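In what follows, a single structure is set out as structure tokens and then discussed.
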There are 2 protein chains.
Amino acid sequence: MPDNPPHVVLAVVLQVRDGLLQTLLWRRGRDPQLGAHALPGGYLDRGETLELSIRRHLAAKVDIRELSHLEQLITRSESEQKLGEWQVATAYLGLIPSGLDPAIPSDTSWHSVDDLPKMAFDHESMIQAAHQRLQAKLSYTNIGFALAPETFTISELRDLYAIALGHEVSATNLQRVLLRRELLEPTGERREPGPTGGRPAALFRFGSHRLSITDQFAALRPPGK
Amino acid sequence: MPDNPPHVVLAVVLQVRDGLLQTLLWRRGRDPQLGAHALPGGYLDRGETLELSIRRHLAAKVDIRELSHLEQLITRSESEQKLGEWQVATAYLGLIPSGLDPAIPSDTSWHSVDDLPKMAFDHESMIQAAHQRLQAKLSYTNIGFALAPETFTISELRDLYAIALGHEVSATNLQRVLLRRELLEPTGERREPGPTGGRPAALFRFGSHRLSITDQFAALRPPGK
DNA sequence: GCAAAAGTGTTGTGTCTACACCCATGT
DNA sequence: ACATGGGTGTAGACACAACACTTTTGC
């Protein structure tokens with residue numbers, strides 16, 4: 001056993017795809033746990049910074065210019081140790097806006113957060129931690145910008161929030177909350193109605209694409225019983 | 001340079017002492033930065049877990065049975081690297097209830113968070129991060145249990161909150177918020193008034209000493225202008 | 001009685017949810 | 001006209017801050 005632990009950097013990359021909150025998983029091509037699903041990532045290189053390291057490893061899987069947000073989640077040493085490998089792992093949360101479809105290599109695929117395959121190590125609990133962090137931040141920050149495309153209608157945004165939060169969200173109230181907090185600005189454009197008609201929806205965009213705490217007050221709770 | 005980075009584990013230990021929020025600093029007895037003030041901690045041992053490691057290092061400074069709370073804060077690789085030492089550091093936030101006065105070694109001392117000496121590395125920003133985390137959690141969790149002694153009056157608790165938050169807190173409203181959230185329970189006992197008189201204060205205690213999120217809603221904001 | 005400290009009553013404000021209602025478009 | 005989806009008006013619940021007022025003690 002070496003004097004210092006190998007340091008692994010991982011990312012839970014989340015995106016709303018096909019109506020589900022999905023995460024990018026890599027099918028391990030090497031021991032240990034060959035064939036099991038794991039979070040993308042790899043070893044910290046000599047002299048490298050944690051954030052640059054995870055960006056480097058992710059670059060092998062997706063176009064990281066499409067990453068709309070990246071933040072550190074947690075650092076763990078526990079479970080790897082049980083496997084006889086003394087090792088430290090730092091997990092990041094990454095987000096990709098809905099609507100993009102980055103090219104990914106064949107050993108990598110998207111999986112619904114609610115229907116994960118058998119995961120290597122304790123990566124499943126890291127995905128849960130990432131999901132909880134996203135849910136919490138949707139309530140008191142402007143992090144919605146990182147899930148949404150550049151412009152969108154309130155209905156589309158409502159769907160993104162509902163999928164990420166895991167419960168129904170009212171378009172009416174979502175609009176009120178985000179406008180009151182001055183996070184959303186109208187583009188002035190409208191979306192053409194579909195073949196079935198309906199009033200054309202106004203297009204909005206997030207005023208800022210930098211994370212900020214917008215309200216200590218929680219909103220968007222699950223509908224009352 | 002070795003194949004793997006040395007992993008350092010640090011703790012920002014906070015306690016309300018003498019009317020100030022203070023942190024435990026260690027005066028470095030070795031290079032680099034000999035003589036500068038630094039957070040207590042040390043290297044991760046072979047096969048050791050992060051949390052056990054910080055507990056082990058802290059045990060050399062204080063009686064860790066007096067630690068009322070310990071949580072992971074952040075892991076950094078950046079700044080140490082600038083000094084030519086490729087190194088990763090994980091910082092923890094630790095809390096000690098007010099009123100205790102743990103024995104500490106002579107190379108260690110308490111310093112007000114608002115009046116820090118010249119700090120080694122980027123430890124000052126870690127203390128700021130710890131302080132901000134504590135302030136935020138005072139609003140939406142029951143973390144007050146970790147700052148307060150076993151039993152206390154509302155006035156005493158008000159002072160602790162005011163010191164940790166850095167702004168005035170109303171005893172009236174603090175009591176209402178914490179009772180509404182059912183965090184406080186009366187012990188049934190009373191504190192004798194001082195020589196100057198006054199109605200005897202009821203003693204309370206926190207119902208739970210495990211961290212839980214009690215409200216997504218922020219309270220205890222600074223008094224309005 | 002009077003000062004001091006603790007605790008309660010009450011009012012107003014702001015944020016949120018829920019739901020009724022109105023608006024703009026396609027067929 | 002009517003269905004469809006977008007958007008506004010309004011009322012009620014709740015948490016909170018602020019402050020007046022009452023209670024209980026020592027002197």
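All values derive from a computational prediction rather than experimental measurement.
The interatomic distance linking A/Glu182 (CD) with C/dT15 (C1') rounds to 15 Å, in whole Å. Between B/Asn173 atom CG and D/dA18 atom P there is a gap of 7 Å when expressed in whole angstrom units. Rounded to an integer number of Å, the gap from CZ of B/Arg158 to P of C/dA6 is 7 Å. Atom CZ of A/Arg176 is separated from atom C1' of D/dA11 by 12 Å (rounded to the nearest Å). Taking atom CD of residue A/Gln175 and atom C1' of nucleotide C/dC23, one finds them 14 Å apart after rounding to whole Å. Here D/dA3 presents its C1' atom at 16 Å from CZ of A/Arg199, a figure rounded to the nearest Å. Look at OH on A/Tyr161: it is 12 Å from P on C/dT17, rounded to the nearest Å. Distance B/Leu179 CG to D/dA15 P: 13 Å, rounded to the nearest Å.
Considering only the side chain of A/Ala202, D/dG7 comes nearest among D/dC27, D/dG6, D/dG7. Here D/dT25 is the nucleotide among D/dG7, D/dG6, D/dT25 with the atom lying nearest to any side-chain atom of B/Pro193. Of all nucleotides listed (C/dG26, D/dA17, D/dT24), D/dA17 comes nearest to the side chain of B/Val177.
For C/dT17, the OP1/OP2 oxygens have no side-chain nitrogen or oxygen of A/Ser170 closer than 4.0 Å. Between B/Arg181 and the phosphate of D/dC14, there is no side-chain N or O to OP1/OP2 separation shorter than 4.0 Å. Look at A/Thr196 and you won't find any side-chain N or O under 4.0 angstrom from OP1 or OP2 of C/dG26.
Listed here is the closest heavy atom pair of A/Leu39 and A/Leu24: CD2-O, 4.5 Å.
Annotation: B/Glu182, atom CD; neighbour count of heavy atoms from other residues, nucleotides and ligands within 6.0 Å does not exceed 12.
Ring planes of B/Phe206 and B/Phe152: tilted class, angle from 30 to 60°. Ring geometry for A/His37 against A/His111 counts as perpendicular: the plane angle is over 60°, on a 0 to 90° scale with 30° as the lower cut.
At the heavy-atom level, A/Thr172 lies under 4.0 Å from base atoms of the strands shown. B/Ala171 comes within 4.0 angstrom of nothing in the nucleic acid, heavy atoms only.
For A/Arg180 against C/dT17, a side-chain-to-base donor-acceptor contact under 3.5 Å is absent.
Comparing A/Gly197 and A/Arg190 by the nucleotide of DNA chain D whose heavy atom lies nearest to each, the residue mapping closer to the 5' end is A/Gly197.
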Taking it one step at a time, do A/Val12 and A/His123 satisfy side-chain contact (heavy atoms from CB on, under 4.5 Å)? CA-CA 9 Å; A/Val12 181; A/His123 291 187; over 6 Å; no

